[in-house]
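Structure first, commentary second.
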Amino acid sequence: MKLFSSVKDVNDIKAIVQKALILKSNPFAYQELGKNKTLGLVFLNPSLRTRLSTQKAALNLGMNVIVMNMDKEGWALETQDGVVMNGSSAEHIREAAAVMGQYCDILGLRCFPKLQNQEEDYSEELFNKFVAFSNVPVISLESATLHPLQSLADLITIEEYRKVAKPKVVLTWAPHVKPLPQAVANSFAEWMSKAQQENLVDFVITHPEGYELAERFTSRTRVTHNQNEALQNADFVYVKNWSSYTHYGKILTDDKGWMLNNKKLEITNQAKVMHCLPVRRDLELASELLDGPNSVVIQQAGNRVWAAQAILKQILES
Amino acid sequence: MKLFSSVKDVNDIKAIVQKALILKSNPFAYQELGKNKTLGLVFLNPSLRTRLSTQKAALNLGMNVIVMNMDKEGWALETQDGVVMNGSSAEHIREAAAVMGQYCDILGLRCFPKLQNQEEDYSEELFNKFVAFSNVPVISLESATLHPLQSLADLITIEEYRKVAKPKVVLTWAPHVKPLPQAVANSFAEWMSKAQQENLVDFVITHPEGYELAERFTSRTRVTHNQNEALQNADFVYVKNWSSYTHYGKILTDDKGWMLNNKKLEITNQAKVMHCLPVRRDLELASELLDGPNSVVIQQAGNRVWAAQAILKQILES
Amino acid sequence: MKLFSSVKDVNDIKAIVQKALILKSNPFAYQELGKNKTLGLVFLNPSLRTRLSTQKAALNLGMNVIVMNMDKEGWALETQDGVVMNGSSAEHIREAAAVMGQYCDILGLRCFPKLQNQEEDYSEELFNKFVAFSNVPVISLESATLHPLQSLADLITIEEYRKVAKPKVVLTWAPHVKPLPQAVANSFAEWMSKAQQENLVDFVITHPEGYELAERFTSRTRVTHNQNEALQNADFVYVKNWSSYTHYGKILTDDKGWMLNNKKLEITNQAKVMHCLPVRRDLELASELLDGPNSVVIQQAGNRVWAAQAILKQILES
């Protein structure tokens with residue numbers, strides 16, 4: 001494995017989940033694998049879970065980790081080619097990526113979308129150039145459009161908590177006061193579509209009109225604007241806000257009726273409630289749910305370690 | 001030991017000082033203890049000594065260390081329960097603490113007071129919720145009201161430099177241009193009261209009127225507004241500014257007469273001069289003293305390592 | 001070796017280059033040397049290459065590394081003596097350096113010039129006080145006037161790519177939109193003068209009028225304002241902008257004619273093109289050159305690891 005940026009980079013999603021669970025039961029079994037190998041984690045945006053869990057995963061494998069907050073400890077990067085760099089960007093991604101590749105055996109990059117230009121964000125120009133010029137394996141720590149380490153941790157969590165062979169998994173939109181990227185939702189849709197193809201889950205997305213995700217991630221997925229219908233018999237409900245893709249980056253509604261609470265949970269099959277975090281309490285998701293027995297959001301966050309460790313191990317072995 | 005936030009969390013202050021001094025003489029003797037254990041240091045405020053010394057202590061014990069500047073690399077945390085999170089706080093302390101506990105075996109937290117509302121600061125709401133929800137042992141890296149790693153290092157320093165069985169220790173207020181927390185002074189008072197109870201020191205506090213510390217930390221302590229009287233026969237003088245507790249967070253005086261200098265030192269028994277640092281030269285403490293033979297501020301800062309290492313070791317062993 | 005701040009701190013530049021190349025061919029051979037030793041990297045200014053390569057070098061030697069962004073994670077430092085510290089600086093360099101020396105076996109410091117007062121910057125007051133008070137060996141991570149780790153990496157790169165015994169090396173000024181320090185240029189001049197003395201290179205500097213570097217670094221060096229003349233038969237061309245030293249910190253020209261491009265390269269002896277990075281494409285240096293076969297800027301950046309590792313090893317051994 002040379003790249004982990006999408007479900008497409010994984011040959012066998014069932015196998016990688018099993019590998020992650022084996023690592024969870026025996027975290028320090030492969031410390032020789034990472035010896036004298038350096039993981040560079042490059043952040044262009046804030047991070048809590050991704051930063052900490054990926055560090056932990058690498059340390060478990062005996063790797064060294066160097067964290068670089070490029071936005072705060074470094075400077076602005078230019079991504080466009082063919083421009084005279086007489087503005088505010090001090091370095092081109094071509095050099096920055098190539099140089100980091102000189103110092104690290106594996107690199108991770110977090111680069112959020114600007115949410116101003118759909119085409120620009122969905123081209124993943126920055127992430128792709130980083131991959132192209134770094135010359136070492138690269139892991140996405142959340143790009144403009146996807147967050148694959150999150151989705152793998154989500155799939156691990158579903159495997160741990162499922163009570164039936166093929167649980168019903170619902171991704172439901174939730175209200176928020178800030179326009180958020182679509183990356184987590186896109187990514188979850190991409191991974192669940194794949195899981196559905198392999199008969200692992202029954203997947204449905206529900207959101208208000210105008211919040212349709214990009215077709216490339218949802219073409220095989222059932223979508224309904226009727227949240228109650230979607231929640232019926234759900235075994236897992238994944239709550240997440242995203243801003244509009246079609247009216248790009250816009251907030252179209254603040255309808256509080258979309259917030260998941262105990263009453264809505266009654267419609268489900270005692271569903272486990274998931275969220276990638278950070279979550280805004282009583283805006284996206286009711287406190288009563290987060291503090292109740294059906295929430296698995298902390299365990300889900302905990303699984304970020306094993307997702308990252310499974311991917312790092314696969315890269316180190318190849 | 002599951003918590004280190006106050007002198008109350010230590011069974012035997014004499015014993016912990018001795019353990020720290022043994023570690024100082026043999027820093028790397030317990031490297032197996034921390035193997036594959038991760039310490040997470042979470043800062044909501046700036047730090048130099050605490051950041052570096054605690055990292056060093058953990059590395060000496062063979063631990064991995066992950067540093068998280070939550071204010072700069074992350075986002076604002078909500079501490080109140082029952083509020084709709086539609087403001088500027090992106091994550092609740094309940095989730096943030098629980099998630100960090102998933103990745104770390106021990107956590108440290110620095111969270112300064114806002115100095116606007118006495119009751120709020122002295123409730124230690126943020127620190128206490130962090131402890132409650134993290135589900136792992138927690139070390140205070142300075143909370144709103146206390147700084148126990150500093151006070152333990154102070155006690156170690158007094159033990160190293162004392163010439164008599166029961167030295168006279170004076171905590172004296174000093175002028176400053178910014179309103180500072182009472183945490184270091186509270187904490188020193190708390191530890192010295194305990195040390196006095198155990199016949200280890202003779203403790204006096206001196207400050208201008210209006211600078212009385214919270215009674216919970218000073219109820220057994222002699223307090224005088226007459227600095228010269230306090231300094232008589234002092235073996236150790238601890239210099240520290242704090243803002244008013246009663247007129248909460250206010251600066252009541254800038255009386256330069258309270259600054260310790262060589263002339264005032266003459267009143268003492270050739271006292272060693274202590275300060276937790278950072279110190280404002282010639283405002284809090286005269287340069288002539290800091291650069292002179294009686295200052296032990298650098299050695300005192302050095303002892304922060306052994307204080308942290310003794311506490312970490314005790315947590316790792318329990 | 002107790003200090004690495006200038007070429008003057010190296011006894012034998014040929015030998016240190018050879019030692020670096022041996023480390024490059026066998027990076028992990030000396031891991032016992034750094035065991036339980038801690039390197040503290042203190043940044044008062046942004047960094048990418050220096051931060052990452054020096055961390056990597058230390059990890060290769062088995063050291064622990066603690067990074068401290070004093071400007072972002074700490075507070076402003078006072079450097080002047082004899083001032084009442086009632087302004088914005090929270091700590092004096094005297095205490096800050098001494099304290100860091102308590103926690104680290106070796107320290108590195110980055111402190112850029114303010115470019116407002118020539119005398120002040122060229123006194124290297126901050127760097128020199130840090131050295132004086134830290135009480136441990138110190139490595140410059142770029143001071144106000146010099147960047148020796150960069151220059152050593154440059155010399156390593158010239159050794160690797162030279163085709164003749166005594167290559168012609170040209171340092172050429174390049175345009176920029178921001179006033180930059182003279183440190184990289186000063187340092188390269190200082191090291192190349194030394195290399196020329198030892199018959200390793202033939203060194204020439206070219207720049208527009210008014211961009212003369214400080215005489216202390218260039219007294220033995222040929223300087224010409226005619227770039228084409230300088231480039232003739234050049235084996236290496238080092239491209240770098242700097243602001244004026246004589247009209248201190250000023251930009252005197254933005255003459256695009258000084259930017260190196262393929263056409264200018266034709267004048268040379270198929271010269272290798274060097275730059276310390278970050279580089280502004282098509283402002284300082286033509287993209288066609290950076291993306292072409294003559295550029296060695298990435299390899300040059302890669303060599304920063306071996307420069308730092310050679311210096312750290314020498315300090316650890318002494």
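We name chains A, B, ... by the order of the sequence lines, and we start the count at 1 in each one. If you're wondering where the values come from, they're calculated on a predicted model, not measured in any experiment.
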Over all heavy atoms of both residues, which pair between Ile66(A) and Lys56(C) is shortest? Give the atoms and the distance, please.
CD1-N, 4.2 Å
Minimum heavy-atom distance between Pro278(C) and Trp75(A), given as atom pair plus value
CG-CZ2, 3.9 Å
Roughly how far, to the nearest 0.5 Å, is the [atom2] atom of [Y] from the [atom1] atom of [X]?
X         : Y        : atom1 : atom2 : result
Asp282(C) : Asp81(A) : CG    : CG    : 9.5 Å
Asn36(A)  : Asn60(C) : CG    : CG    : 7.0 Å
Glu73(A)  : Asp71(C) : CD    : CG    : 9.5 Å

Evaluate the side-chain proximity of Arg304(C) to Tyr103(A): yes if any heavy-atom separation is below 4.5 Å, no if none is.
yes
Can you find a pair of side-chain heavy atoms, one from Ile298(C) and one from Glu95(A), that are under 4.5 Å apart?
yes
Checking heavy atoms, do the side chain of [X], its backbone, both or neither come under 4.5 Å from chain A?
X         : value
Gln31(C)  : side chain
Arg51(C)  : side chain
Ser287(C) : neither

I need the residue from [options] with the largest number of non-hydrogen atom pairs under 4.5 Å to chain C.
options                                 : result
Gly40(A), Ala90(A), Cys104(A), Ala98(A) : Ala90(A)
Met100(A), Glu78(A), His92(A)           : His92(A)
Lys72(A), Glu91(A), Met70(A), Met68(A)  : Glu91(A)

Ala96(A) backbone acceptor or donor facing Arg49(C) side chain under 3.5 Å
no
Between the main-chain N or O of Met85(A) and the side-chain N or O of Arg281(C), is there a donor-acceptor pair closer than 3.5 Å?
no
Between chain A and each of Val65(C), Leu277(C), Leu48(C), count heavy-atom pairs under 4.5 Å; write down the option with the most.
Leu48(C)
Look at atom [atom1] of [X] and say whether more than 12 heavy atoms of other residues, nucleotides or ligands are closer to it than 6.0 Å.
X         : atom1 : value
Glu317(A) : CD    : yes
Tyr248(A) : OH    : yes
Tyr30(C)  : OH    : no

Would you say the side-chain atoms of Asn64(A) and Gln55(C) include a donor-acceptor pair closer than 3.5 Å?
no
Asp291(C) with Arg94(A): basic N within carboxylate O range, under 4.0 Å
yes
